Trainee: 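Just passing along the structure, written as structure tokens.
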Amino acid sequence: MARVYIEDLRNHVGEEVTIHGWVYNKRSSGKVRFLVVRDGTGILQCVMVKGVVSEEVFNHSDALTQESSLAVTGKVKKDDRAPGGYEMELSNIRIYQIARDYPITPKEHGTDFLMDIRHLWLRSARQHAILRVRHEIIKSIREFFDNRGFTLLDAPIFTPAACEGTSTLFETEYFDLGKAYLTQSGQLYGEAGAMALGKVYVFGPTFRAEKSKTRRHLTEFWMVEPEVAFNDLNDNMELAEEFLEHIVSSVLKNRPKELLALERNTAFLENVKKPLPKISYSEAVEILKKKGHAFEWGNDFGGTDETVISEEFDRPVIVHRYPSQIKAFYMKRDPQNKDLALAMDVLAPEGYGEIIGGSQREDDYDMLVQRIKEHDLPQSAFEWYLDLRRYGSVPHAGFGLGVERTVSWICGLEHVRETIPFPRMIYRLTP
RNA sequence: UCCGCAGUAGCUCAAUGGUGGAGCAUCCGGCUGUUAACCGGAGGGUUGCAAGUUCGAGUCUUGCCUGCGGAGCCA
């Protein structure tokens with residue numbers, strides 16, 4: 001007896017097969033019973049008619065409850081009345097376990113309740129779609145860099161000091177060496193990697209202890225950070241737009257069913273093609289002013305400002321050359337205007353905000369030392385980083401893309417917390 | 001940390017200051033093609049906690065707790 005997955009049933013019409021899975025729902029019309037089974041790849045309606053199926057099997061199905069685990073065996077039929085287009089004429093049921101009082105019912109629930117039972121919520125169709133899109137995005141990220149000769153460089157999670165010196169970090173005791181901090185970015189290590197291997201990408205979890213309570217924040221999130229030796233700001237922007245085009249087109253091509261299940265309007269996604277619009281920070285400020293928003297040159301954009309700016313475009317927009325004062329110490333100054341940093345952010349459309357932040361890095365030793373002093377950072381902690389400017393320094397650039405914000409945008413979600421299997425937020429550490 | 005909103009059955013929600021209800025889930029019964037099936041019945045409550053006003057508080061007042069959204073910060 002062949003064991004198959006529901007997604008492959010189209011190739012088994014007329015055959016008797018066995019599906020292993022869980023009860024998704026059941027319906028009864030007296031002498032006809034419907035058992036809806038899920039196996040992680042899809043859902044399948046199984047039909048039992050009293051008198052056709054054995055008495056034993058028919059009665060056996062009485063005991064089944066939502067999420068009970070079982071194996072169902074029967075003949076596969078094509079039937080338009082069945083969800084998915086195929087159904088099974090049941091001949092046998094093997095019960096693994098009867099589930100008692102499964103808390104998620106086929107009605108609406110609140111997010112807080114569902115988050116408390118996130119480990120069970122993952123069994124729902126909507127969560128399957130989101131997690132599969134997330135998987136597709138991560139796969140396409142690796143594909144993009146791997147196909148371009150990048151080497152994956154894993155940065156450490158424990159770090160001795162802040163990378164950027166601004167964010168609040170999670171602190172922990174590290175044996176006799178004093179305090180250690182969970183990384184907030186792998187970028188500085190990525191720069192070391194770029195000087196060694198030319199082009200690298202760091203891909204891993206990142207931690208921010210900021211008490212942020214918004215739909216765009218998690219305390220633990222995933223970030224991919226490419227870094228390329230000899231790239232300047234323009235190369236960096238070009239890499240970012242080709243990167244986004246690849247990710248979005250992969251999802252559109254390989255996960256249309258999931259986007260449909262999420263009721264995602266893909267119009268904006270279809271537009272994500274190179275070249276993306278590129279505007280300077282100053283031009284972005286002009287947009288804000290033109291639209292009647294009070295904004296002073298020199299400030300950083302807030303969430304609302306980003307939304308207003310991105311509304312001007314039908315695809316992600318790249319904003320470059322921010323005031324250096326509001327950017328990190330390692331960003332190179334614009335030789336044309338020392339008040340500007342060679343920084344770039346990519347703002348997603350539809351109010352999803354910043355999904356990429358990057359820059360050309362300061363490659364001059366003396367300038368970098370000066371920046372470290374200006375930002376009041378302990379130079380001793382950055383000696384290794386300064387070595388990269390002592391020994392064969394070259395222009396280089398890179399950026400970081402937040403995976404959860406990207407998933408949220410592509411799926412069209414309200415909140416990033418649904419984009420990761422087990423979100424970590426200021427008020428949630430479980431499950 | 002600051003601002004705003006909310007907390008009633010396992011879940012989602014009703015209830016003019018006057019006997020706390022419904023749907024789903026669970027259990028029992030009915031139905032030969034259901035699609036979050038449907039129909040009938042049953043069980044299920046310290047209305048977040050504490051105090052106050054009142055003849056009477058789920059409802060009004062104060063404090064606290066928890067959660068949600070936003071600001072700041074950022075991906």
Side-chain angles (χ1 to χ4, degrees), chain A residues 24-36 43 45-53 58 62-63 65-67 77 79-85 87 89 98-117 120-121 124-125 163-169 184-187 204-225 299-307 326-328 345-348 352-358 399-409 414-417 419-420 425-428:
Chain A
Y24 197 66
N25 200 359
K26 63 174 186 178
R27 293 182 281 269
S28 167
S29 179
K31 306 226 165 40
V32 183
R33 287 181 179 171
F34 301 91
L35 194 62
V36 183
I43 62 169
Q45 172 165 287
C46 305
V47 187
M48 277 170 284
V49 178
K50 194 179 176 76
V52 176
V53 70
F58 193 80
D62 263 345
T65 54
Q66 199 185 347
E67 288 303 316
K77 284 171 35 184
D79 193 315
D80 292 335
R81 291 171 296 186
E87 66 178 20
E89 222 166 72
I98 298 294
R100 293 285 171 219
D101 296 327
Y102 186 68
I104 301 178
T105 65
K107 284 280 180 178
E108 289 169 13
H109 298 282
T111 308
D112 190 46
F113 169 74
L114 291 168
M115 271 301 171
D116 282 338
I117 47 170
L120 302 176
W121 191 16
S124 306
C163 289
E164 307 183 10
T166 49
S167 295
T168 316
L169 305 186
Q184 62 161 332
S185 165
Q187 184 211 306
T206 303
F207 308 87
R208 304 271 167 97
E210 293 289 347
K211 293 187 173 176
S212 298
K213 290 177 64 171
T214 83
R215 65 184 70 190
R216 302 185 306 279
H217 288 87
L218 296 170
T219 56
E220 177 183 316
F221 63 97
W222 285 69
M223 192 154 65
V224 57
E225 302 174 281
N299 291 337
D300 206 354
F301 300 128
T304 322
D305 303 319
E306 290 178 351
T307 303
I326 55 169
K327 286 294 181 183
D345 285 356
V346 179
L347 307 182
Y352 281 92
E354 186 183 343
I355 51 171
I356 282 181
F399 60 82
L401 170 113
V403 171
E404 286 73 19
R405 284 192 185 174
T406 305
V407 176
S408 185
W409 162 52
E414 287 294 311
H415 199 301
V416 288
R417 66 191 158 195
T419 64
I420 186 166
M425 291 172 280
I426 171 174
Y427 46 82
R428 181 174 294 283

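Every heavy atom of this structure was used, including side-chain atoms; hydrogens, water molecules and symmetry mates were not. The shown structure was predicted, so the numbers you read here are calculated from the model rather than taken from an experiment. Here is how names work: the chains are called A, B, and so on, in the same order as the sequence lines, proteins then strands, and each is numbered from 1.
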Trainee: If you look at every strand shown and take non-hydrogen atoms under 4.0 Å, does A:Thr406 touch a base, only sugar-phosphate, or nothing?
Mentor: nothing
Trainee: Between A:Leu401 and A:Ile426, name the one whose nearest nucleotide on RNA chain B is closer to the 5' end.
Mentor: A:Ile426
Trainee: Rounding to an integer number of angstrom, what distance separates B:G17 and B:G69 when you compare their P atoms?
Mentor: 30 Å
Trainee: Within the 4.5 Å heavy-atom criterion, are A:Arg417 and A:Thr419 side-chain neighbours or not?
Mentor: no
Trainee: Quick check against the 3.5 Å criterion: does A:Arg33 have a side-chain atom that pairs as donor or acceptor with the backbone of A:Lys26?
Mentor: no
Trainee: Please write out the pairs of protein N or O atoms and N or O atoms of nucleotides 67-71 of chain B separated by less than 3.5 Å, giving the distance to one decimal.
Mentor:
unit_1: B:C68; atom_1: OP1; unit_2: A:Tyr427; atom_2: OH; d: 3.0
unit_1: B:C68; atom_1: N4; unit_2: A:Lys213; atom_2: NZ; d: 3.4
unit_1: B:G69; atom_1: OP1; unit_2: A:His415; atom_2: NE2; d: 3.4
unit_1: B:G69; atom_1: OP1; unit_2: A:Arg417; atom_2: NH1; d: 3.1
unit_1: B:G69; atom_1: OP1; unit_2: A:Arg417; atom_2: NH2; d: 3.1
unit_1: B:G69; atom_1: O3'; unit_2: A:Arg215; atom_2: NH2; d: 3.3
unit_1: B:G70; atom_1: OP1; unit_2: A:Arg215; atom_2: NE; d: 2.1
unit_1: B:G70; atom_1: OP1; unit_2: A:Arg215; atom_2: NH2; d: 2.8
unit_1: B:G70; atom_1: OP2; unit_2: A:Arg215; atom_2: N; d: 2.9
unit_1: B:G70; atom_1: N7; unit_2: A:Lys213; atom_2: O; d: 3.2

Trainee: Need one value for A:Asp300: base, sugar-phosphate or nothing, where a base atom within 4.0 Å counts as base even if backbone is also close, heavy atoms only.
Mentor: sugar-phosphate
Trainee: Please report the distance separating the P of B:G56 from the corresponding atom of B:U19, rounded so that it comes out in whole Å.
Mentor: 15 Å
Trainee: Rounded to whole angstrom units, what separation is found between the CD atom of A:Gln45 and the C1' atom of B:G33?
Mentor: 8 Å
Trainee: Report which part of the nucleic acid A:Pro103 touches: base, sugar-phosphate, or nothing (heavy-atom distance under 4.0 Å, all strands).
Mentor: nothing
Trainee: Nearest whole angstrom, please: distance from the C1' of B:A75 to the CZ of A:Phe399.
Mentor: 12 Å
Trainee: Indicate yes or no: does A:Lys327 engage A:Asp345 in a salt bridge with an N to O separation below 4.0 Å.
Mentor: yes
Trainee: Write down the distance separating the C1' atoms in B:G41 and B:G48, rounded off to the nearest Å.
Mentor: 33 Å
Trainee: Under the rule for side-chain hydrogen bond (donor to acceptor under 3.5 Å, both in side chains), what residues qualify as partners of A:Arg81, not counting sequence neighbours?
Mentor: A:Asp79
Trainee: Is a side-chain N or O of A:Tyr102 found less than 3.5 angstrom from the main chain of A:Leu120, in a donor-acceptor match?
Mentor: yes
Trainee: Quick one: A:Asp345 CG to B:C73 C1', roughly how many Å, whole number?
Mentor: 14 Å
Trainee: Please name all residues satisfying side-chain hydrogen bond (donor to acceptor under 3.5 Å, both in side chains) with A:Thr65, sequence neighbours left out, ordered by chain then number.
Mentor: A:Ser68
Trainee: Is there ring stacking between A:Phe221 and B:A75, where the centres must be under 5.5 angstrom apart and the planes under 30 degrees?
Mentor: yes
Trainee: Round to the nearest Å and state the distance from A:Arg405 atom CZ to B:A75 atom P.
Mentor: 7 Å
Trainee: Could you check whether A:Ile356 gets within reach of a base, just the sugar-phosphate, or nothing at all, counting any heavy atom under 4.0 Å?
Mentor: sugar-phosphate
Trainee: Between B:C74, B:U32, B:U12, spot the one nearest the side chain of A:His217, thanks.
Mentor: B:C74
Trainee: Sort by first number and list every stem of RNA chain B: at least 3 consecutive Watson-Crick or G-U wobble pairs, both distances under 3.5 Å.
Mentor: B:1-7 with B:65-71, B:10-13 with B:21-24, B:26-30 with B:38-42, B:48-52 with B:60-64
Trainee: As a test of reading the structure: which of B:C31, B:C73, B:G33 is closest to the side chain of A:Arg81, going by heavy atoms?
Mentor: B:G33
Trainee: With rounding to the closest Å, how many angstrom separate the C1' atoms on B:U59 and B:U54?
Mentor: 13 Å
Trainee: Just how far, in rounded Å, is C1' of B:C73 from CD of A:Gln184?
Mentor: 11 Å
Trainee: List the steps and the verdict of salt bridge (Lys or Arg N to Asp or Glu O under 4.0 Å) for A:Arg428 and A:Asp112.
Mentor: CA-CA 10 Å; A:Arg428 181 174 294 283; A:Asp112 190 46; 3.1 Å; yes
Trainee: Grab the CG-C1' distance between A:Asp305 and B:C74 for me, whole Å please.
Mentor: 14 Å
Trainee: Using atom P of each nucleotide, how far apart are B:G52 and B:C13 to the nearest Å?
Mentor: 32 Å
Trainee: Would you classify A:Gly110 as touching base, sugar-phosphate or nothing, given that sugar-phosphate means primed atoms plus P, OP1 and OP2, and contacts are heavy atoms under 4.0 Å?
Mentor: sugar-phosphate
Trainee: For nucleotides B:U47 and B:A57, find the distance between their C1' atoms and express it as a whole number of Å.
Mentor: 11 Å
Trainee: For nucleotides B:C68 and B:U16, find the distance between their P atoms and express it as a whole number of Å.
Mentor: 28 Å
Trainee: Counting only N and O atoms by type, is there a donor-acceptor contact under 3.5 Å from the side chain of A:Ser408 to the main-chain atoms of A:Glu404?
Mentor: no
Trainee: Indicate, with a heavy-atom threshold strictly under 4.0 Å, whether A:Glu220 touches base, sugar-phosphate, or nothing.
Mentor: nothing
Trainee: Search all heavy atoms of A:Arg208 against all heavy atoms of A:Phe221 and return the closest pair with its distance.
Mentor: CG-CE2, 3.6 Å
Trainee: Should the pair A:Glu354-A:Arg405 be classified as a salt bridge under the 4.0 Å nitrogen-to-oxygen rule?
Mentor: no
Trainee: For a quick test of reading the model, state the closest non-hydrogen atom pair linking A:Met425 to A:His415 and the distance between them.
Mentor: SD-CE1, 4.2 Å
Trainee: With a 4.5 Å heavy-atom cut-off, do A:Glu89 and A:Val47 have their side chains touching?
Mentor: no
Trainee: Looking only at the side chains, is there a donor atom on one of A:Glu225 and A:Ser185 sitting less than 3.5 Å from an acceptor on the other?
Mentor: yes
Trainee: Nearest whole Å is fine: how far is B:C74 C1' from A:Met223 CE?
Mentor: 10 Å
Trainee: Which atom pairs link the protein and nucleotides 21-29 of chain B when you take only N or O atoms and keep those under 3.5 Å?
Mentor:
unit_1: B:C24; atom_1: O2'; unit_2: A:Thr105; atom_2: OG1; d: 3.4

Trainee: Taking B:G33 as the reference, what is the distance to B:G23 when you measure between their P atoms (whole Å, please)?
Mentor: 25 Å
Trainee: Expressed in angstrom and rounded to an integer, what is the separation of A:Asp80 atom CG from B:G33 atom P?
Mentor: 18 Å
Trainee: Give the nucleotide from the list B:A75, B:G33, B:U32 with an atom nearest to the side chain of A:Arg208.
Mentor: B:A75
Trainee: Who pairs with A:His109 by side-chain hydrogen bond (donor to acceptor under 3.5 Å, both in side chains), at least two apart in sequence or on another chain?
Mentor: A:Thr105
